[in-house]
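Right, one structure below, let's go through it.
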2 protein chains.
Amino acid sequence: MAHLGNSVEYGLHCLLWLTGPQAGPASSRDLAELQGVSTSFLAKIFPKLEKAGIVSASEGIRGGYLLARAPDRITVLDVVDAIEGDKPLFECQEIRGRCAVFGGKAPGWATDGVCAIHAVMLRAEKRMREELAATTLADLAKSLDGKMPAAMPGQVQAWFAARGAARTAAPPDGPKRRRRRPSA
Amino acid sequence: MAHLGNSVEYGLHCLLWLTGPQAGPASSRDLAELQGVSTSFLAKIFPKLEKAGIVSASEGIRGGYLLARAPDRITVLDVVDAIEGDKPLFECQEIRGRCAVFGGKAPGWATDGVCAIHAVMLRAEKRMREELAATTLADLAKSLDGKMPAAMPGQVQAWFAARGAARTAAPPDGPKRRRRRPSA
DNA sequence: TAAACGCGGACTTATATAGTCCGCGTTATG
DNA sequence: CATAACGCGGACTATATAAGTCCGCGTTTA
C-alpha cells in the first residue's frame with residue numbers, strides 16, 4: 001500500500017476542476033461523475049477539505065463547493081494534510097530503552113532526546129513535506145493549461161450546465177433515486 | 001499506519017549493533033532478545049537484508065550475521081528498500097483519462113507523459129529518498145558513540161559472550177525448546 | 001547425533017483503506 | 001408548502017497490508 005491514498009488523488013483532481021472560472025458551486029456528485037470515481041466515496045472527502053478551510057460549502061439544492069481561497073494559496077501539502085490528517089512517515093517504537101543490558105530500567109543517556117533512527121526519518125519526512133508545500137493548485141492548473149486545447153474548459157463548463165438542465169427538466173418519472181422509505 | 005513499518009526500525013537497530021567490532025557472527029535470536037523484540041519476526045527480516053547484500057549469513061550452529069560491507073557504505077535507504085521493497089509513496093490511478101467529456105476514449109494530450117499530480121508526488125518521494133540515502137550506518141553509529149558511556153560496548157559484548165557460554169553449558173534438562181515431533 | 005543455526009512457507013490477527021448505505025437538516029424552486 | 005437536490009455524518013462491509021506466530025527442512029559444529 002502506498003502512504004498517500006486514493007482519497008488524496010481524488011481530492012486534488014477535483015480541486016483542479018474548481019480552479020477554473022466556474023459559474024457556481026459544483027456538487028460532489030457532479031465532480032465525481034465528471035471524473036468517473038465513486039460519488040459516495042468522494043462525498044466523504046469533501047467535508048475534510050471544508051473543515052480544513054480549503055473549500056467552502058453551500059447547502060441545499062443548487063449547493064456545492066467552491067475554493068475558499070485563491071489557487072496559488074493552496075498547496076498540495078495543505079490538501080494532503082486535510083485528507084490524511086498529517087500522519088507520520090514513521091512511528092518510533094523506542095527500541096532504545098529496551099536493551100537487555102539495561103535490565104528493565106534504561107539510563108537517561110539512552111532515552112534522552114530523539115532516537116537517531118527516528119531523527120533520520122523526521123528529516124526525510126520534512127523534505128517530502130517541503131516539496132509538497134512548494135507546489136500550489138495554481139502551479140498544477142498552469143501545467144495543465146499548457147497541455148489541453150483551448151476548447152476544453154468550455155466543454156467542461158457545458159457538461160456542468162447540461163447536467164443542471166437535465167435535472168430541472170427531469171420529470172418525476174425519470175430515473176429516480178431512492179427516497180426515504182415509504183412509511184416506516 | 002505509517003509508510004515505514006516496524007520491520008525497518010527493527011532492522012536498522014540490529015544493523016547498528018553489528019556495526020561494532022564483533023567477535024563473531026550474531027544470530028537473529030540474540031539480536032532480537034538483546035533489544036526486546038520478537039525473535040520470530042526478526043527472523044523474517046534478516047533474509048531480506050541478506051538478499052540485498054547488506055549482511056552475509058553463515059549457517060549451522062555458531063552461525064549468524066555479519067555486515068557484508070563497511071558501515072559507511074550502507075545507507076538508510078539501502079535498508080529501507082531491502083526490507084520494504086521500494087514501494088512507492090503514491091500510486092497514480094490515472095484519473096486523467098476518465099473525464100466524462102472524453103466519452104470513454106481519452107485524447108492523447110490528456111494521457112501523454114506523467115500526470116501533473118503524480119509528478120509532484122514523485123518529486124516528494126525523490127526528496128525523501130535523497131535524505132534517507134544521505135545517512136549511513138556509520139553516521140548513526142557515530143552519533144550514538146557520542147551519547148553512550150565508554151563502558152557500554154564492552155557490556156554488550158559481554159552479554160553476547162554470556163549467552164554463548166550459557167548455551168554450551170546448558171544441560172539437556174535445561175529450558176528446552178520444542179524439537180521436531182517425537183515420531184510422526 | 002543432537003543442538004543451534006538460517007531459510008522459507010503457511011498461518012493468524014489486527015488495523016487501515018476503500019467503498020457503500022442510509023437518514024437527517026437545509027435550501028431553492030415550482 | 002411539498003419536493004428534490006444538496007451537504008453532513010454515522011454505521012456498515014470488504015479487502016489489503018502489517019505484524020507476529022508456528023513449523024519443518026537442510027546445514028553445521030561440537
Side-chain angles (χ1 to χ4, degrees), chain A residues 1-10 24-32 37-51 55-66 83-85 87 91 93 163-164 166-172 174-181 184, chain B residues 1-10 24-32 37-51 55-66 83-85 87 91 93 163-164 166-172 174-181 184:
Chain A
M1 188 198 325
H3 186 234
L4 270 27
N6 293 358
S7 301
V8 169
E9 183 168 11
Y10 297 163
S27 73
S28 70
R29 283 176 184 79
D30 284 357
L31 256 358
V37 303
S38 157
T39 57
S40 41
F41 188 53
L42 200 60
K44 304 203 66 169
I45 297 173
F46 266 96
K48 297 179 183 177
L49 296 172
E50 201 271 334
K51 281 188 188 58
V55 298
S56 62
S58 52
E59 285 197 347
I61 194 172
R62 294 297 190 206
Y65 296 97
L66 289 173
I83 293 175
E84 306 251 330
K87 67 178 174 188
E91 287 169 30
Q93 309 293 318
R163 299 213 95 219
R167 273 193 291 267
T168 60
K176 279 220 282 243
R177 290 185 178 77
R178 48 109 192 72
R179 200 53 212 160
R180 87 189 45 160
R181 290 204 202 84
Chain B
M1 190 199 325
H3 186 236
L4 271 26
N6 292 357
S7 301
V8 171
E9 184 168 10
Y10 297 164
S27 74
S28 69
R29 283 176 184 80
D30 283 357
L31 255 359
V37 303
S38 157
T39 57
S40 41
F41 189 52
L42 200 60
K44 303 203 67 168
I45 297 173
F46 266 97
K48 298 180 183 176
L49 296 173
E50 201 271 336
K51 281 190 188 57
V55 298
S56 62
S58 52
E59 286 195 346
I61 193 172
R62 294 297 189 205
Y65 296 97
L66 289 173
I83 293 176
E84 306 252 331
K87 68 179 173 189
E91 286 169 30
Q93 310 293 316
R163 298 212 96 219
R167 273 193 291 268
T168 58
K176 278 221 280 243
R177 291 186 177 77
R178 50 108 192 70
R179 201 51 212 162
R180 88 188 45 158
R181 288 203 204 84

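In what follows, every chain begins at residue 1, and chains take the letters A, B, ... in the order their sequences are listed.
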Problem - Residue mapping more 5' on DNA chain D - nearest nucleotide basis, A:Ala43 or B:Thr39 - result: A:Ala43

Practice task
Go through C:dT20, D:dC8, D:dA19 for me and flag the one nearest to the A:Ser40 side chain.
Solution key: C:dT20

Handout entry: Distance below 4.0 Å between B:Tyr10 side-chain N/O and D:dA19 OP1 or OP2
Key = no

Problem - Heavy-atom side-chain proximity of A:Lys44 to A:Ser40 below 4.5 angstrom - result: no

Practice task
If the plane angle is over 60° it's perpendicular, under 30° parallel, otherwise tilted; pick one for A:Phe41 and A:Tyr10.
Solution key: perpendicular

Exercise for the section: Go through D:dG20, C:dG8, D:dG7 for me and flag the one nearest to the A:Ser27 side chain. Expected result: D:dG7

Exercise for the section: Using a 4.0 Å heavy-atom cut-off across all strands, classify A:Lys51 as base, sugar-phosphate, or nothing. Expected result: sugar-phosphate

Handout entry: Contact check, side chains of A:Val55 and A:Leu66, non-hydrogen atoms, under 4.5 Å
Key = no

Handout entry: Side-chain N,O (B:Ser38) to OP1/OP2 (D:dA19) below 4.0 Å
Key = no

Handout entry: A:Arg29 vs D:dG7: side-chain N/O to OP1/OP2 distance below 4.0 Å
Key = yes

Handout entry: Euclidean distance, atom OH of residue B:Tyr65 to atom C1' of C:dC5 [Å, nearest integer]
Key = 9 Å

Exercise for the section: To the nearest Å, give me how far apart CG (A:Leu42) and P (C:dG19) are. Expected result: 11 Å

Exercise for the section: Grab the CD1-P distance between B:Ile45 and D:dA19 for me, whole Å please. Expected result: 9 Å

Practice task
Give a yes or no on whether the backbone of B:Asn6 and the side-chain of A:Gln93 come within a donor-acceptor separation of less than 3.5 Å.
Solution key: no

Exercise for the section: Please tell me if the side chains of B:Tyr65 and B:Ser28 come closer than 4.5 Å, counting only heavy atoms from C-beta onward. Expected result: yes

Problem - Distance below 4.0 Å between A:Ser7 side-chain N/O and C:dA18 OP1 or OP2 - result: yes

Exercise for the section: Let me know the distance between CZ of B:Phe46 and C1' of C:dG8, rounded to the nearest Å. Expected result: 16 Å

Practice task
Could you tell me the separation between the NE2 atom of B:His3 and the C1' atom of D:dA19, rounded to a whole number of Å?
Solution key: 17 Å

Exercise for the section: Answer yes or no: does a side-chain N or O of B:Lys44 lie under 4.0 Å from OP1 or OP2 of D:dC22? Expected result: no

Under 3.5 Å, which protein N or O atoms sit close to an N or O of nucleotides 28-30 of chain D? Give each pair with its distance.
residue : atom : partner : partner atom : Å
D:dT28  : O2   : B:Ile61 : N            : 3.4

Problem - Heavy-atom donor-acceptor pair, B:Lys48 side chain to B:Gly85 backbone, under 3.5 Å - result: no

Exercise for the section: Could you state the atom-to-atom distance from CD of A:Glu84 to P of C:dT15 in whole Å? Expected result: 19 Å

Practice task
Using the test salt bridge (charged side-chain N to carboxylate O under 4.0 Å, His left out), find all partners of A:Glu59 that sit at least two apart in sequence or belong to another chain.
Solution key: none

Practice task
Write down the distance between CD (A:Glu9) and P (C:dA18), rounded to a whole number of angstrom.
Solution key: 10 Å

Problem - For atom CZ of A:Phe41 and atom C1' of D:dG9, their distance in whole Å - result: 15 Å

